[in-house]
Amino acid sequence: RVPLIVQAESRLESLFVANDRPLVIPAVGAELPLAVYGVSDTGAVLALTEGRLGTRFDVADPTILRASPDGLLTGLKPGSVNVSISNRFAVSATEAVAVEVKDGPPAIHLQSGRTTVAEKETLRISAVVTDDLGPSGIKDVLFLVDGLPVARVNAPPYHLNLEGPDRAAGRILIVTALATDTAGNQ
């Protein structure tokens, strides 16, 4: 035996996106889950993000952004785009939000075959650089030794041939590198 309470039929009167504004995807390939809610004529607030609940996500420019049936937004290229949200149970209720996809900063990792260099010997240090726009998104790599710039490389492979300084046995050199992408991000 199961007791049930019969409620009056209700209708969705409005939709809203609960995410903080502005809506920004920090890099191409990054994702942002939307949180969509509806308000019924009885004042009840209902979680409606999932597509199985009748919610649709329409992207004005699908070359900038992809929306899954469950409101997961994925950045495809930098730019701004509007996303219209509707629900099949609320014919007149829609919500539109602006979303910006940013060109994220490049990532860089230095590697060499050794951790020592003899005086007047050359050691090759390589920078492995990735960018959310791919290899064409990388502008250059600046190599620094002890905080001072020593070489700027504008195309792969990104290498520094470091010569061990004369009369510097025991000295520790700190080699770093800074990658810049075509948008100026570092």
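These figures come from a predicted structure and were not determined experimentally.
Think of V39 as one node in a network of Ile, Leu, Val, Met, Phe, Trp and Tyr side chains linked at under 4.5 Å; its network also takes in F16, Y37, V45. Under the 4.5 angstrom side-chain criterion for Ile, Leu, Val, Met, Phe, Trp and Tyr, L72 has no cluster partners at all.
Residue-environment remark: CZ (R88) exceeds the threshold of 12 foreign heavy atoms within 6.0 Å.
P26 has its side chain out of reach of K102: every pair of non-hydrogen atoms, C-beta onward, lies at least 4.5 Å apart. Contact check for L173 versus D146: side-chain heavy atoms found under the 4.5 Å cut-off. The shortest distance between side-chain heavy atoms of R171 and P165 falls below 4.5 Å. Between N19 and L34, some side-chain heavy-atom pair lies under the 4.5 Å cut-off. For the pair P33/T49, no side-chain contact is recorded, criterion being any heavy-atom separation below 4.5 Å from C-beta on.
Residue pairs that meet the salt bridge (charged side-chain N to carboxylate O under 4.0 Å, His left out) test with at least one member in residues 147-161, sequence neighbours left out, are D140-R152. The salt bridge (charged side-chain N to carboxylate O under 4.0 Å, His left out) analysis of residues 15-28, with sequence neighbours excluded, yields the pairs R21-E95. Residue pairs meeting the ring pair (Phe, Tyr, Trp, His ring centres under 6.0 Å) criterion with at least one member in residues 85-104, sequence neighbours excluded, do not occur. Sorted by first then second residue, the salt bridge (charged side-chain N to carboxylate O under 4.0 Å, His left out) pairs that include residues 104-113, not counting sequence neighbours, number zero. For residues 105-115, the side-chain hydrogen bond (donor to acceptor under 3.5 Å, both in side chains) pairs, not counting sequence neighbours, are R114-E121.
Remark: A107 pairs with T130 by the side-chain contact (heavy atoms from CB on, under 4.5 Å) rule, at least two apart or across chains. V153 pairs by the side-chain contact (heavy atoms from CB on, under 4.5 Å) definition with F143, Y158, not counting sequence neighbours. Partners of D70 by side-chain contact (heavy atoms from CB on, under 4.5 Å), not counting sequence neighbours, listed by chain and number: E50, S68. With sequence neighbours excluded, the residues that form a side-chain contact (heavy atoms from CB on, under 4.5 Å) with L65 are I25, V59, L73, V81, V83, V99, V101.
To the nearest 0.5 Å, atoms OG (S40) and CD (E13) are separated by 7.5 Å. Here the CG-CD1 distance, from L144 to I174, works out to 12.0 Å after rounding to the nearest 0.5 Å. Taking CG of D131 as the reference point, atom NZ of K139 lies at 13.0 Å (rounded to 0.5 Å). Taking CG of L162 as the reference point, atom CZ of R124 lies at 12.0 Å (rounded to 0.5 Å). The OG1 atom of T42 sits 9.5 Å away from atom CG of L12, with the distance rounded to the nearest 0.5 Å. Going from atom CD of E163 over to atom NZ of K120 covers 6.0 Å, rounded to the nearest 0.5 Å.
What you find for V129 and P106 is that their closest heavy atoms are CG1-CB, 4.2 Å. Residues A93 and S14 approach most closely at CB-CA, 3.6 Å, considering heavy atoms. The two residues L53 and L48 make their nearest non-hydrogen contact at CD1-CA, 4.0 Å. A pairwise comparison of heavy atoms in G104 and D132 identifies N-OD2, 2.7 Å as the closest pair. Between I64 and S80, the shortest heavy-atom distance links the atoms CD1-O, 3.7 Å. Closest approach of A67 and F57 over heavy atoms only: CB-CB, 3.8 Å.
With T55 contributing its side chain and N87 its backbone, the two residues share no donor-acceptor pair below 3.5 Å.
V145 and I125 fall within a single hydrophobic cluster, where Ile, Leu, Val, Met, Phe, Trp and Tyr are joined by side-chain heavy atoms under 4.5 Å apart, directly or via other members. Under the 4.5 Å side-chain heavy-atom criterion for grouping Ile, Leu, Val, Met, Phe, Trp and Tyr, I108 is connected to L160 within one hydrophobic cluster. Both L32 and I85 are assigned to one and the same hydrophobic cluster, defined by single-linkage of ILVMFWY side chains at heavy-atom distances under 4.5 Å.
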Validation: residues 175-186 side-chain donor-acceptor distances under 3.5 Å, sequence neighbours left out:
| residue | atom | partner | partner atom | Å |
| --- | --- | --- | --- | --- |
| T180 | OG1 | Q186 | NE2 | 3.2 |
| D181 | OD1 | A183 | N | 3.0 |
| D181 | OD1 | G184 | N | 3.0 |
| D181 | OD1 | N185 | N | 2.8 |
| D181 | OD2 | N185 | ND2 | 3.1 |
| N185 | ND2 | D103 | O | 2.6 |

